[in-house]
Amino acid sequence: MVAVVGVVPHSRDDEADHRGLLRGDEQTLGRLYDAYADFVFGVALGVTREESSAEDITCEVFVALWERPYDYDPAQWSLGAWLVAGAHRRAVVRRGAAQTAQSARAAGSESVGKDSTASTDSTAGFAADGAVAATLAGLAPELRDVVELAYFQGLTYREVAAKLGLGETVVAERVRNGLWAWADDTAPTGGRAAAEDDGTGATT
Amino acid sequence: MNALPAALRDRVMGEAVRRRPPAVQTGPHARAYAHAVASLDAMLRSLTADEWALPVRHDWDVQRTVVHLMAGDGALCAAARVPEAVPLPRYEGLFAEADIPGSPGAGWAGRSTYVLSRHSGRPFRMSWHAWRAQSRSLLGCPAARDRDETAIEYAGRRMSLADAFLARGFETWLHGDDIGRAVGRPMPEPADESMALLVGLGLAMLSKADLPAQTRLALTGPGAADARLGVGPVAAELTMSTSDFCRLLGGNRRADEIAVRADGDADAAEQALAAIAAMAIL
């Protein structure tokens, strides 16, 4: 992977893919799913620590892109960054809702049950995942830190800002720049490679 | 395991097409129409209620522009055996046909006037969904798959049903482009192969234009073409993009609103431009 620093200009492919979505070509959606679903799912899982939530969020993000393709503007975002940012936003909201529900139940004897422990175990190693780590390593350090904290440790921008002693707008800017570089660096071949690395055919 | 579950792909694709059906698969002659209908529908999904009331062209807002499209699409319904969203009234012997808006004798403009009157004051959603349902029915009929050469009355001309599908692709794209400019969302141009078919249809119509001198027409961009209008020695040359040619031909833009380069005899160039604009095939 090559280090890419700063804002990567939007690629012509994103514009062509966007036209395909506008024209109602479902094969375009299938191609985008194949290119970006790993990362969208990974980000959602990193934040929510819950596989079923990550699946829901992945579904929502791609369906929203298909259903309302004009919400995405290729002049503003790369497609990969837009999808990942959409997953992150939803995941933070979900996690917040889950935490609220959990603390409301805190007095009760029965807690969340088997699912939550299982998925916490399974996500513990997520940030260390080989392909993602390699991709993150390719980012400039100041971008890598914010992307890792926001997208893989699941912190909100405010939490990242407090942790790194930065302003919230600086964090937002860096996340955005980091995502441009990241999505550009990983898709589409990086996305597939990552899937094959940890795929192992164990998911059914 | 943190791997993406394989079954998720089917769930995503299934949910997506349930929420927004993909463009109807058609033959090449109806593809521009299928793409334009899908794109315009996507644009309409993104509009707020206030945006529906924004002025587009003429004195039409977004809703009226969509109803105008529906009226034009209706001209294909009889031959395609698809029920019309707004059936035109049939008056028999009571009045002169030409005096009744919407009657066959009142012509193309009358058809639009009548359908607009029927949708005046209705909620925008009703007009939008009626337009979409009629368009998708047309796109699903056999004539959208295979060329049907049955001659129909279309915009004051006789043309095959197959070419009328092409003309609807033309009009839906251009009016969608007008709406897109009004609401600040770009309407995608037809695919290259579709643009070539649109240009071919326009040039075939123009071949009958009566011009005192010959003008060379150099069309650039997707579907590029090099054509001659009129007879005799070449007196002038016009250069413009294929999309601007379509806009001029459709009566969607005036000659002074597009980027056109004219070389040679100014009168001949002027007359050729006027001949293209006079087609006003929309």
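Every chain is numbered from 1 and lettered A, B, ... according to where its sequence line falls, protein lines coming before strand lines.
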Contact summary for B/P186 and A/L22, nearest pair of heavy atoms: O-CD1, 4.4 Å
Any donor and acceptor pair, going by atom type alone, linking the side chain of B/R9 with main-chain N or O of A/G30 inside 3.5 Å? yes
Roughly how far apart are A/C59 SG and B/E15 CD, rounded to 0.5 Å? 5.5 Å
Could you go through the salt bridge (charged side-chain N to carboxylate O under 4.0 Å, His left out) check for A/D56 and B/R11 one step at a time? CA-CA 10 Å; A/D56 290 348; B/R11 179 180 159 198; 2.9 Å; yes
Approximate separation, where rounding is to 0.5 Å, of A/D25 CG and B/H35 NE2: 6.5 Å
Work out which heavy atom in A/R23 is nearest to a heavy atom in B/A191; give both atom names and the distance. NH2-N, 3.5 Å
Taken to the nearest 0.5 Å, the spacing of A/Y70 OH from B/M187 CE works out to 6.0 Å
Once side chain to side chain contact (heavy atoms under 4.5 Å, CB included) is applied, do any residues pair with B/V24, and if so which ones, sequence neighbours excluded? B/T26, B/R136, B/L139
Do you know which two heavy atoms are closest between B/P5 and A/F41, and how far apart they sit? CD-CZ, 3.6 Å
Who wins among B/A34, B/A16, B/A38 for the most heavy-atom pairs under 4.5 Å with chain A? B/A16
Nearest heavy-atom contact between B/A3 and A/E51 is O-OE2, 4.3 Å
What's the spacing between B/M13 CE and A/Y33 OH if we round to 0.5 Å? 10.0 Å
Evaluate whether atom CD of A/Q27 has more than 12 neighbouring non-hydrogen atoms of other residues, nucleotides or ligands under 6.0 angstrom away. no
Which distance, rounded to the nearest 0.5 Å, do you find between the CZ of A/R68 and the CZ of B/R20? 11.5 Å
Those residues of residues 40-52 of chain B that come under 4.5 Å of chain A on a heavy-atom basis, listed by number, are B/A42, B/M43, B/R45, B/S46
